[in-house]
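Have a look at the structure below, then the notes.
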Amino acid sequence: MSRIAIVGTGYVGLTTGACFAHLGHEVVCADVDADKIDRLSRGEIPIVEHGLDRLVEEGIRSGRLSFVIGAAQAVTSADVVFLCVPTPQGQDGSADLTYIEAAASEISPHLPYESVVVNKSTVPVGSARVVERVLDRPDVKVVSNPEFLREGSAVQDFLHPDRIVVGSTDQAAAIKVSSLYLGVAAPVIVTDPASAETIKYAANAFLATKLSYVNAIAAICEGVGADINDVVLGLGYDHRIGRDFLRPGPGWGGSCFPKDTRAMLRIAEDAGYDFGLLDGVVAVNEEQFDRVVRKVGEAVGGVLDGRTVGVWGLTFKARTDDLRDSPSIAIIGRLQAAGANVRAHDPTVSGPKPGLPEGIEICTDPYAVCEGADAIVVLTEWDEYRWLDPAKAAGAVANRAVVDARNLLDRNEWVRMGFSYQGIGR
Ligand SMILES: NC(=O)c1ccc[n+]([C@@H]2O[C@H](COP(=O)([O-])OP(=O)(O)OC[C@H]3O[C@@H](n4cnc5c(N)ncnc54)[C@H](O)[C@@H]3O)[C@@H](O)[C@H]2O)c1
């Protein structure tokens, strides 16, 4: 079993740390956020992630999982150090490596001789070299091991991944990192760092492409009178296409796809390739936000100014509390810019929170959103919205109109209650 340090205890770092402790390794997780570390040390999970609380508790109880403030303290006796810090979008669209470089420079003097540093953050091609240069430690090898987990099913994805990708120019370092995953049944692809880094961006860009594709087909369905749900069913049974990521919606978002597609465009540009296909994918997504806003405008009679819109769902998808680059935020921003007043509910939001647009009223009961609303919009596919009672909503709204941007509700039930119903692609 190995001694592992995790630098950056966020969605990826905490999941990685807790899962490696579960696999039997000795793990120290570090973060610069003292409050987060304090809560974690008490077994309190600062994020919504199914099954993570049980693993953290198990790790603390077994003595294999601990939390410290600051990276330097975490790495002093580590065999392998995972960098799981943010890589946000830089001003020119490329990934901003400031956090990675800062973490590398902080740990460099404290790394044990011949330890291995792993880039688990999503980093552009060439980043393994960047870290090597900042570390300036010839005895320390840098390996790329991108993470493919999805928020909402992070633990399951980490412990049962489709594949593990390890990129290294050093065979011993690659074996060291691969062997940490003993006990995880998945193919391991060992390659060079540039290929490993490219795999991650290519995967996210492909998934975003599938989503934009299905949203574009949904727009066509609306024009020709087809039903996207049936179209997707017919497409998804084709094994060459597959069902995953073929669900139409309000547009894609979240902490990865927007920044990773833009970074991929930048990588392509730097490589001398005009990635027009991916440009189109991003453009379709922006259009999708506008399409949803237009639907809400139609639902309230054409003019959004002064209207009240009730929003169900703020997170970028269900089963997470992550609001980063959520389509809801983009759509609410557009509704507000058109003069609408927005009241919103989300199961993970109980009041003002960083990342939420100013001026929205947060309701802690989904029916409270309906009071006086000229339209209700479903923006996140939380299961609990599926079962909301249209009769109860009808008694509260000012105007019976619903825009279901997730095709979540039972259309017939809502229409029976006198609501005008607009879904996506049907
Ligand atoms: N969130 C996902 O679903 C997901 C999936 C796959 C890959 N990724 C990638 O993983 C990386 C991390 O993403 P995340 O969502 O976990 O981010 P996050 O913002 O949830 O977590 C990052 C953490 O790093 C901490 N941090 C920053 N600098 C630090 C330092 N010098 N020392 C110690 N801690 C430091 C921050 O305080 C924060 O807690 C990104 O590159 C992201 O693209 C994310």
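Counting starts at 1 for both ligands and their atoms, following the listed order.
Listed by atom number, the atoms of ligand 1 under 4.0 Å from E106 heavy atoms are 31 (N). The contact set between ligand 1 and R324, taken as ligand atoms under 4.0 Å from a residue heavy atom, comprises 15 (O), 17 (O), 18 (P), 19 (O), 20 (O). Close contacts of ligand 1 with V7, meaning ligand atoms under 4.0 Å from a residue heavy atom, involve 32 (N), 33 (C). Near K259, meaning under 4.0 Å from any of its heavy atoms, are these atoms of ligand 1: 42 (C), 43 (O). Every atom of ligand 1 is numbered from 1 in the order shown, and the set under 4.0 Å from a heavy atom of C84 is 12 (C), 22 (C). For ligand 1, the atoms closer than 4.0 angstrom to any heavy atom of Y99 are 27 (C), 28 (N). Using a 4.0 Å cut-off to heavy atoms of K200, the atoms of ligand 1 that qualify are 6 (C).
Summarising the contacts of atom 34 (N) of ligand 1 with I6, V32, T122, the nearest heavy atom is found in V32. For atom 40 (C) of ligand 1, the nearest non-hydrogen atom from the set T87, D31, T15 comes from T87. Distances from atom 5 (C) of ligand 1 to the heavy atoms of D33, D157, D260, L149 put L149 nearest.
Under 4.0 Å from ligand 1, the heavy atoms of S255 that appear belong solely to its side chain.
No salt bridge links R64 with E26; every basic N to acidic carboxylate O contact stays at or beyond 4.0 Å. Checked for salt-bridge contact, D290 and R294 miss the test: no charged N lies under 4.0 Å from a carboxylate O. Under a 4.0 Å N-O distance rule, the pair R324/E151 qualifies as a salt bridge.
Among protein heavy atoms, atom 2 (C) of ligand 1 sits closest to E151 OE2, 3.5 Å. The shortest contact between atom 29 (C) of ligand 1 and any protein heavy atom is with V85 CG1, 3.6 Å. Looking at atom 6 (C) of ligand 1, its nearest protein heavy atom turns out to be E147 O, 3.2 Å. Given atom 21 (O) of ligand 1, the protein heavy atom at minimum distance is G10 CA, 3.2 Å. In this structure, the protein non-hydrogen atom closest to atom 24 (O) of ligand 1 is G8 CA, 3.2 Å. If you check which protein heavy atom lies closest to atom 16 (O) of ligand 1, you get V12 N, 2.8 Å.
Listed here is the closest heavy atom pair of I164 and N145: CG2-ND2, 4.0 Å.
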Exercise. Are E222 and K295 close enough, and set up right, to give a salt bridge (Lys or Arg N to Asp or Glu O under 4.0 Å), and what steps lead you there?
Worked result: CA-CA 12 Å; E222 286 172 15; K295 281 174 190 280; 2.7 Å; yes
For this session: Apply side chain to side chain contact (heavy atoms under 4.5 Å, CB included) to the pair Y273 and E269, showing each step before the final yes or no.
Result: CA-CA 5 Å; Y273 178 71; E269 194 183 322; over 6 Å; no
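For N215 and S212, the side-chain atoms include no donor-acceptor pair closer than 3.5 Å. In this model, no donor atom of one side chain and acceptor atom of the other lie less than 3.5 Å apart for S168 and D170. Between the side chains of Y201 and R266, no donor N or O sits under 3.5 Å from an acceptor N or O.
Each of W312, Y385, W382 was evaluated against D346; a single residue qualifies, W382, per the side chain to side chain donor-acceptor pair (under 3.5 Å) test.
Ring-plane geometry between F20 and F158 is classed as perpendicular, the angle between the planes exceeding 60 degrees on a 0 to 90 degree scale with a lower cut at 30.
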